[in-house]
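Written below as structure tokens is the structure these notes are about.
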Amino acid sequence: MSTPNLVLPTGRLASAADRRPKSKSLATLIDKLSAAVADVEKWSPREERLGDEFREAAGPAPKVKGGTRPPSRIVMDGKPDIELEGGDWFYHSREAIEDDRPKALASVDSDAERKEIEARFAALLADWDAQIAVRDQHKPRGLDHAKHMLSKAHRAWSAVEDEIINFRPRTIEEVIDLMAYAGHDEMRSVFFTPGEGQLKFMMRNVAEVLRKLDTRAG
């Protein structure tokens with residue numbers, strides 16, 4: 001997983017509880033969001049540091065030769081032809097090898113050809129796995145755990161953002177709390193980053209509550 005370089009000032013994290021709204025339900029969600037952000041802040045630099053150590057120690061990323069391209073030529077009207085040199089091409093992920101296997105099998109008809117393709121792709125996967133095994137010998141202790149915890153924290157962050165977006169206020173106080181939090185510019189860049197469509201959805205929820213309250217008042 002690609003890890004962003006997060007700058008999450010401790011002061012903002014500490015002051016979030018002081019500025020949380022009165023609504024207990026919304027306050028609980030914001031506390032969950034703050035906790036998820038704190039976990040991302042905790043695990044992101046660890047994963048980045050250990051990942052850098054791993055890449056430096058392990059050397060070039062694995063690749064498996066998939067075949068050889070013949071020389072080719074691109075012909076364009078009114079312009080000189082472009083000559084392309086032939087050469088080897090490579091797979092750069094296990095998934096790419098696995099994705100090409102059914103395509104290759106679909107292109108042949110005989111059992112003999114299918115067996116040949118199965119054997120070829122089994123060899124490609126074995127080559128890839130062997131390179132990964134050698135590379136993993138250089139993996140620093142704690143890297144897999146840091147990746148797991150960072151991924152878990154990001155999932156928690158996304159999940160609680162969705163909960164806030166889908167939060168349905170029940171009182172005018174909760175309406176005010178939600179609108180104030182969603183519109184808090186200095187916190188949005190750190191904690192809460194809904195898109196335009198999500199903000200519109202929140203406003204529709206707010207409008208629905210206000211209509212119900214207005215109907216009851218009438």
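FYI, side chains are in, hydrogens and waters are out, and symmetry mates aren't considered; it's all heavy atoms of this structure.
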Residue pair S25, R170: steps toward the side-chain contact (heavy atoms from CB on, under 4.5 Å) verdict: CA-CA 10 Å; S25 296; R170 294 159 297 181; 2.9 Å; yes
State yes or no: do [X] and [Y] share one hydrophobic cluster built from I, L, V, M, F, W and Y residues joined by side-chain heavy-atom distances below 4.5 Å, directly or via other members?
{"X": "I172", "Y": "L178", "value": "yes"}
{"X": "F90", "Y": "L125", "value": "no"}
{"X": "V134", "Y": "I132", "value": "no"}
{"X": "V40", "Y": "L143", "value": "no"}
{"X": "F201", "Y": "L26", "value": "yes"}

Distance, nearest 0.5 Å, that separates [atom1] of [X] from [atom2] of [Y]:
{"X": "F121", "Y": "I97", "atom1": "CZ", "atom2": "CD1", "answer": "8.0 Å"}
{"X": "R168", "Y": "E174", "atom1": "CZ", "atom2": "CD", "answer": "13.0 Å"}
{"X": "Q198", "Y": "I165", "atom1": "CD", "atom2": "CD1", "answer": "3.5 Å"}
{"X": "N166", "Y": "N205", "atom1": "CG", "atom2": "CG", "answer": "7.0 Å"}

Mind running side-chain contact (heavy atoms from CB on, under 4.5 Å) on R94 and D129 for me, showing each step along the way? CA-CA 8 Å; R94 199 179 202 280; D129 290 342; 2.8 Å; yes
Counterpart residues, side-chain contact (heavy atoms from CB on, under 4.5 Å), relative to V108 (two or more places apart): E113, R114, I117
Enclosure of E116 CD (heavy-atom neighbours >12, cutoff 6.0 Å): no
Atom CD of residue position E85 - does it have more than 12 heavy atoms of other residues, nucleotides or ligands inside 6.0 Å? no
In short, L50 meets P140 closest at the heavy-atom pair O-CG, 3.6 Å
Are K32 and E163 close enough, and set up right, to give a salt bridge (charged side-chain N to carboxylate O under 4.0 Å, His left out), and what steps lead you there? CA-CA 10 Å; K32 287 173 62 178; E163 289 186 81; 2.8 Å; yes
Applying the side-chain contact (heavy atoms from CB on, under 4.5 Å) criterion to F167, which one of L29, V206, D177 satisfies it? L29
Which is it for R101 and R120 under the side-chain contact (heavy atoms from CB on, under 4.5 Å) test, yes or no, and what are the steps along the way? CA-CA 9 Å; R101 176 181 164 275; R120 174 172 172 262; over 6 Å; no
With a cut-off of 3.5 Å and sequence neighbours excluded, list every side-chain donor-acceptor pair involving residues 54-65.
{"from": "R55", "atom 1": "NH2", "to": "D52", "atom 2": "OD1", "distance (Å)": "2.7"}
{"from": "K65", "atom 1": "NZ", "to": "D88", "atom 2": "OD1", "distance (Å)": "3.3"}

Under a 4.0 Å threshold between the charged nitrogen and the carboxylate oxygen, would E208 count as salt-bridged to K212? yes
K147 with D144: basic N within carboxylate O range, under 4.0 Å: no
Do K42 and L150 come within less than 4.5 Å of each other through their side chains, counting heavy atoms only? no
Taking the side chain as every heavy atom from C-beta outward, state whether I74 and D81 have any atom pair closer than 4.5 Å. no
Decide side-chain contact (heavy atoms from CB on, under 4.5 Å) for I82 and R73; before the verdict, give the C-alpha distance in whole Å, the side-chain angles of both, and the deciding distance to 0.1 Å. CA-CA 6 Å; I82 299 176; R73 175 184 298 170; over 6 Å; no
Please answer whether the main-chain N or O of E41 pairs with a side-chain N or O of S44 as donor and acceptor at a distance below 3.5 Å. no
Please find out if less than 6.0 Å separates the ring center of H145 from that of W43. yes
Going by the angle between their ring planes, with limits at 30° and 60°, are W89 and Y91 parallel, tilted or perpendicular? perpendicular
